[in-house]
Colleague: 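Provided herewith is a single structure, encoded as structure tokens, for subsequent inquiry.
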Protein chains: 2
Amino acid sequence: MNPSTANIEEAILSAILAGRINPGTRLGEQKLADLFGVSRTRVREAMMRLETRGIVQVSARRGWFVIEPSAEEAREAFQTRRVIETGLLQTLRRVPPEVVRSLKEHVAFEREAIDAGDVQSRACLLGDFHIHLADALGNRLLTEIIRDLTARTTLISMLYQPTEKAEESSHDHGDIVAALETGDIETAARLMDEHIAKVEAGLDLTAKPDPLAGLRELLTPSTFAGAPPSIPSPNPPLGRAPSGRRPAAPRAHRHSSRKED
Amino acid sequence: MNPSTANIEEAILSAILAGRINPGTRLGEQKLADLFGVSRTRVREAMMRLETRGIVQVSARRGWFVIEPSAEEAREAFQTRRVIETGLLQTLRRVPPEVVRSLKEHVAFEREAIDAGDVQSRACLLGDFHIHLADALGNRLLTEIIRDLTARTTLISMLYQPTEKAEESSHDHGDIVAALETGDIETAARLMDEHIAKVEAGLDLTAKPDPLAGLRELLTPSTFAGAPPSIPSPNPPLGRAPSGRRPAAPRAHRHSSRKED
DNA sequence: CTTACAACACTTGTATACAAGTTTGTGAGC
DNA sequence: GCTCACAAACTTGTATACAAGTGTTGTAAG
């Protein structure tokens with residue numbers, strides 16, 4: 001089968017929603033072209049579409065990178081989600097019983113994944129809850145918008161969230177569904193607002209994302225004996241670059257390895 | 001200067017927001033490339049970006065067309081706007097005085113354009129009101145979303161609106177601003193909901209958009225003697241001024257479906 | 001040992017050529 | 001006169017070649 005640009009787009013987006021692709025990841029055109037068995041042209045199309053959806057960014061002649069939202073952009077994304085999702089709930093006059101059932105089922109799946117410790121499924125399901133909720137309105141346009149926003153906030157969480165609070169989120173989801181079941185839309189909207197605000201508050205937006213995070217992650221887990229004694233450690237809050245942020249290069253600048261022994 | 005893809009994108013989008021480009025207009029790659037003095041590649045990029053934003057659609061090997069939303073899609077677009085814009089207002093806790101002043105000024109401009117009979121400015125300003133309002137939050141992401149949605153509903157209005165009710169819309173805008181000025185956010189949100197609902201209700205979504213509208217429009221205004229006796233005109237008269245300017249794509253070339261006779 | 005510099009490999013940006021499909025125009029046959 | 005078949009013109013789809021930068025690395029001077 002010959003993957004279309006939509007396939008490529010979708011593959012990347014769902015990988016992001018599932019948390020398999022980190023923010024800042026470089027997505028080389030040629031690599032992707034080889035991977036999907038098409039020419040660069042198609043990959044480029046997909047990347048440009050993803051760029052207009054706010055998922056990736058291009059750095060001129062350096063490559064395509066999964067976005068690394070700044071603190072300001074993170075705030076905007078969460079505010080946008082609060083605006084849209086509370087507005088959505090308030091528009092929902094009544095929730096059909098089968099939708100409630102479907103949502104309850106979804107929350108049950110969340111719990112399952114959490115209990116099983118399945119990190120991948122867990123992240124995917126937690127984001128999917130909001131998409132499913134949007135589906136309740138049956139508005140494809142709105143669902144699409146929320147889907148893109150969810151991808152964005154998922155990436156933000158990966159950048160700034162010190163610890164995942166999956167259980168708490170799932171609990172919130174359960175409360176929202178419960179309110180919907182009793183028909184108390186107003187409460188559901190309030191709970192949603194608080195839920196999103198809570199997720200945002202759980203982030204550490206003051207901490208500049210570590211430009212070496214990718215490398216560090218690649219190196220630390222391999223705890224075999226031959227590894228260097230200690231990676232310098234997640235540094236204390238270092239001063240932020242004053243003028244503009246550079247799209248973090250995935251590879252280290254140069255290893256001025258002054259290791260002290 | 002060499003127009004970038006963003007320039008092309010923006011040129012087309014603002015032409016749509018200003019009502020200079022009708023839904024269904026064909027946008028040929030080569031024509032646009034010649035017009036902007038670039039190769040097809042750049043035009044293609046711009047079109048694909050606009051496609052992901054829901055502004056144009058491609059019909060395989062036939063061309064790019066400005067979207068002609070179906071009745072169902074129209075409903076979705078208006079519902080989405082209601083959800084987002086009421087949500088936005090409710091998020092707005094207080095409105096800074098200078099924003100209120102700016103909005104009042106904007107409404108004054110609307111009135112001016114309406115009184116002057118400037119159809120082009122009028123349509124542009126009426127849509128721009130909502131974009132300005134979104135600006136009040138200072139959330140660029142949300143503003144961008146609303147901008148795209150406004151483009152979409154502008155096109156829908158061109159397709160389905162039998163008569164423009166510019167004065168009424170501008171009046172509604174004034175009421176909303178007045179409510180904001182007194183700090184009565186709740187009322188502002190309600191007014192906005194009613195306003196958008198009213199605009200939607202003013203459409204005739206039951207009427208299938210005339211696939212020959214473009215052609216008919218091009219032919220009817222020329223009321224010279226030698227013209228064919230009468231264009232069949234299956235629909236009640238649509239009174240759109242010819243405004244003999246030529247759009248970006250000179251040919252309004254429609255895919256003619258089967259005609260009833 | 002550090003630093004400056006130049007060459008190199010690699011990536012995206014853009015145009016162009018050709019393939020594939022659609023619409024339009026033309027003429028033969030009835 | 002009308003319909004149908006077929007060819008020509010035109011349009012988008014896709015790949016490829018080359019141009020233009022960017023970051024890295026090797027090397028030599030201080």
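Chain A is the first sequence line, chain B the second, and so forth, proteins listed ahead of strands; every chain is numbered from 1.
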Colleague: Pairs in or reaching into residues 132-159 of chain A: which pass ring-ring contact (aromatic ring centres under 6.0 Å, His included), with residues at least two apart or in two chains?
Modeller: His106(A)-His132(A)
Colleague: Nucleotide by nucleotide, 5' to 3', does protein get under 4.0 Å of the base (B), only the sugar-phosphate (S), or neither (-) in nucleotides 13-22 of chain D, counting heavy atoms?
Modeller: BBBB---BSS
Colleague: Once salt bridge (Lys or Arg N to Asp or Glu O under 4.0 Å) is applied, what residue pairs with a partner in residues 133-143 of chain A remain, sequence neighbours excluded?
Modeller: Arg140(A)-Glu76(B)
Colleague: Sequence neighbours excluded, which residues qualify as salt bridge (Lys or Arg N to Asp or Glu O under 4.0 Å) partners of Arg40(A)?
Modeller: Glu29(A)
Colleague: Only counting residues at least two apart or in another chain, list the ones meeting side-chain hydrogen bond (donor to acceptor under 3.5 Å, both in side chains) with Thr5(A).
Modeller: none
Colleague: Starting from the C-alpha separation in whole Å, work towards a yes-or-no answer on side-chain hydrogen bond (donor to acceptor under 3.5 Å, both in side chains) for Thr150(A) and Asp148(A).
Modeller: CA-CA 5 Å; Thr150(A) 300; Asp148(A) 287 355; over 6 Å; no
Colleague: Is the phosphate of dT12(C), meaning OP1 or OP2, less than 4.0 Å from a side-chain N or O of Arg26(A)?
Modeller: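 The answer is yes; a side-chain N or O of Arg26(A) sits under 4.0 Å from OP1 or OP2.
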Colleague: Using the test side-chain hydrogen bond (donor to acceptor under 3.5 Å, both in side chains), find all partners of Arg49(A) that sit at least two apart in sequence or belong to another chain.
Modeller: Glu51(B)
Colleague: Note down the inter-axis angle between the two ends of the helix from dC1(C)-dG30(D) to dC30(C)-dG1(D), five pairs each, to the nearest 10°.
Modeller: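 The helix from dC1(C)-dG30(D) to dC30(C)-dG1(D) shows an end-to-end axis angle of 0°.
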Colleague: Using the test side-chain hydrogen bond (donor to acceptor under 3.5 Å, both in side chains), find all partners of Arg75(B) that sit at least two apart in sequence or belong to another chain.
Modeller: none
Colleague: Which residues pass the salt bridge (Lys or Arg N to Asp or Glu O under 4.0 Å) test with Arg152(A), sequence neighbours left out?
Modeller: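 So Arg152(A) forms no salt bridge (Lys or Arg N to Asp or Glu O under 4.0 Å) with any residue.
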